[in-house]
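Notes follow the structure.
Sequence positions, counted from 1, serve as the residue numbers for this chain. Order of appearance sets the numbers: ligands from 1, and atoms from 1 within every ligand.
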Amino acid sequence: MQTRCLIGGEWTDARAGGTLPVTNPATDAEVARVPSMGGSETFDAIGAAWNASAAWKSRPAADRARFVRRLSELMLRDADRLARLMTLEQGKPLAEARGEIAYAASFLDWAAEEGRRLGGEIIPASAPNKRILVLRQPIGVVAIITPWNFPAAMITRKLGPALAAGCTAVIKPAEETPLSALALGELAIEAGLPAGVVNIVTGPPAEIGETLLADARVRKLSFTGSTDVGRVLMRGASQHLLRLSMELGGHAPFIVFDDADLEHAVSAALACKFRNAGQTCICANRFLVQAGIYEDFLGRLAQAVGTLRVGDGLAEGTTVGPLINDEAVHKVEAHVEDAQSKGGTVMVGGRRVRLEGLADRFYAPTIIEGMTREMRLFREETFGPVAPVMAFEDEAQAIELANDSEFGLASYFFTKDASRLIRVAEALEYGIVGANDGAPSTAQAPFGGMKHSGFGREGGHFVMDEYTEVKYVSWGL
Ligand code: ADP
């Protein structure tokens, strides 16, 4: 496994020699140590990306696309190895990690295709002796800062379009999951990407972040993470008026109407809520269930939750792994206690699961009945395997409850009524709407949020806008 950083095509240690541990959240075992880099190494990485920029952007788009597609193929070739590494540092079940590698590769593949179609426009001018040409050009050096919950996919859905558009990159992965990023760096070299096109630095985030934001050679920041850190970065990005993509927190409502296909809604709920132990920014946070089917839905959901298996992600049959760290467990516990103190009832779970020989970081899949607006669960991202449920009477109330959030990333609802489907989809103040669908993420769709969930879109042809400048040439004949 690669444990050094990638700067200008060289595998590099921290200047002062410092390292940071990467630990397995399921066992507390140290998996590896990675460089603890700071401002000077980050400065070098920016320099390498800057130096590589001119040659990279002048290559034909089809040429760049070949490298990006090759990287995707190499990820798929090494899917088993990469998945294992991901489970070791992140904890998610191996099957989910394999799924993430395929998902991550699909963003590279998609971007490679989109990069080839990045054409401009000719606009009819207002004078006969003029032409207006619109060019789309790469934005330059891109800083990529990513979280630990999807250690590979959060990188590739930024890196793929950045490279395909002609940008070069400095990546700072989350300190919990740097190994997946470094493994991707190795494959980038194997794919033949020129030195400096992809650079990866690991270490304490604040200094690396500040260096990236203070350097005028960096022209863009693409960030996925918490709203709080997003705000800090946005402030810093004002120094050089960086272009920004901000994929921040979410608080997804999951609405089930009386007329829904309940079996479908329950299986979607299970996947949508408990994937990655509930540690995803689009996972269902608030279940809003219409009164007529409330008991029925709850009973079925409880039964489905009973089939989940908590354990080490590497163990056969595990469907819910550990939470990422102790702080995450404390947050889940605090949310559950808060709900109970405000009248909520734990119907299933509501406690840690202690497993022989493993770290005390596993939380039982949980259902809480009787959620109210006063509970923290209703407002804050729990980021754990907790499904709070409340009943509603009619469509207007469901929409009002669903939109009562500062976040606006993903939302879900289930109905068989086609008119209601379009009404509700239009009314939800969320960038992503799963209408009878609990798994909307895919490379060809524009993923992104509204309100405190940020801005910018990843996926689809839309993502190319995030990495390109529009320039027009007013051409006098
Ligand atoms: P999460 O809650 O998912 O851990 P964070 O927003 O804390 O989300 O982290 C997402 C990414 O942002 C990680 O790579 C983390 O290291 C990075 N990060 C955290 N604080 C800063 C900062 N001050 N400057 C730059 N990056 C930061």
Side-chain angles (χ1 to χ4, degrees), residues 5 20-23 25 34-39 41-43 45-46 86 89-92 100 142-159 169-182 184 199-215 218 220-240 242 244-251 276-283 285 322-332 334-335 361 380-384 407 409 449 452-454 456 458:
C5 288
L20 292 173
V22 182
T23 53
V34 296
S36 177
M37 290 187 162
E41 296 93 337
T42 306
F43 185 82
I46 296 167
M86 187 186 297
E89 65 177 349
Q90 202 273 348
K92 68 175 66 182
E100 184 184 335
V142 176
I144 292 176
I145 300 182
T146 52
W148 48 263
N149 60 346
F150 290 92
M154 294 305 103
I155 294 177
T156 58
R157 70 180 182 180
K158 301 174 187 305
L159 183 66
V170 178
I171 303 167
K172 193 214 80 65
E175 44 280 39
E176 293 85 349
T177 58
L179 300 171
S180 295
L182 298 174
L184 194 63
N199 304 277
I200 307 170
V201 291
T202 60
E207 191 177 332
I208 296 174
E210 279 159 24
T211 309
L212 289 167
L213 297 175
D215 195 313
V218 175
K220 156 99 193 179
L221 167 66
S222 182
F223 173 71
T224 297
S226 62
T227 299
D228 285 344
V229 172
R231 267 194 205 97
V232 170
L233 294 174
M234 224 173 139
R235 229 171 277 135
S238 69
Q239 294 168 78
H240 294 297
L242 285 199
L244 295 171
S245 300
M246 289 273 154
E247 207 271 90
L248 309 177
H251 205 278
N276 208 359
Q279 303 171 113
T280 85
C281 47
I282 62 165
C283 71
N285 272 270
L323 296 182
I324 189 72
N325 52 35
D326 293 340
E327 207 185 326
V329 182
H330 294 145
K331 185 173 185 193
V332 170
H335 277 204
R361 207 166 286 127
E380 300 170 34
E381 254 187 318
T382 307
F383 240 58
F407 295 107
L409 189 57
H452 288 197
S453 294
E458 299 190 313

Could you give the side-chain donor-acceptor pairs of residues 201-214 under 3.5 Å, partners two or more places apart or in another chain?
from : atom 1 : to   : atom 2 : distance (Å)
T202 : OG1    : P35  : O      : 2.6
E207 : OE2    : G39  : N      : 2.6
T211 : OG1    : E207 : O      : 2.7

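- Note that CE of M37 and CG of L20 are 11.0 Å apart. Values are rounded to the nearest 0.5 Å.
- Contact record, L242 with V218: CD2-O, 3.1 Å, taken as the closest heavy-atom pair.
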Show me the short polar-atom pairs for ligand 1: any N or O of it lying under 3.5 Å from a protein N or O, with distances only.
from     : atom 1 : to   : atom 2 : distance (Å)
ligand 1 : 4 (O)  : W148 : NE1    : 3.0
ligand 1 : 6 (O)  : S226 : N      : 2.8
ligand 1 : 6 (O)  : S226 : OG     : 2.7
ligand 1 : 14 (O) : T146 : O      : 2.6
ligand 1 : 14 (O) : K172 : NZ     : 3.1
ligand 1 : 16 (O) : K172 : NZ     : 2.9
ligand 1 : 16 (O) : E175 : OE1    : 2.5

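- Taking the ring pair (Phe, Tyr, Trp, His ring centres under 6.0 Å) definition, one finds that F383 meets it with W148, sequence neighbours left out.
- Under the side chain to side chain donor-acceptor pair (under 3.5 Å) criterion, K158 pairs with S222, T224, E458, sequence neighbours left out.
- Counting only N and O atoms by type, the side chains of T227 and H452 include no donor and acceptor under 3.5 Å apart.
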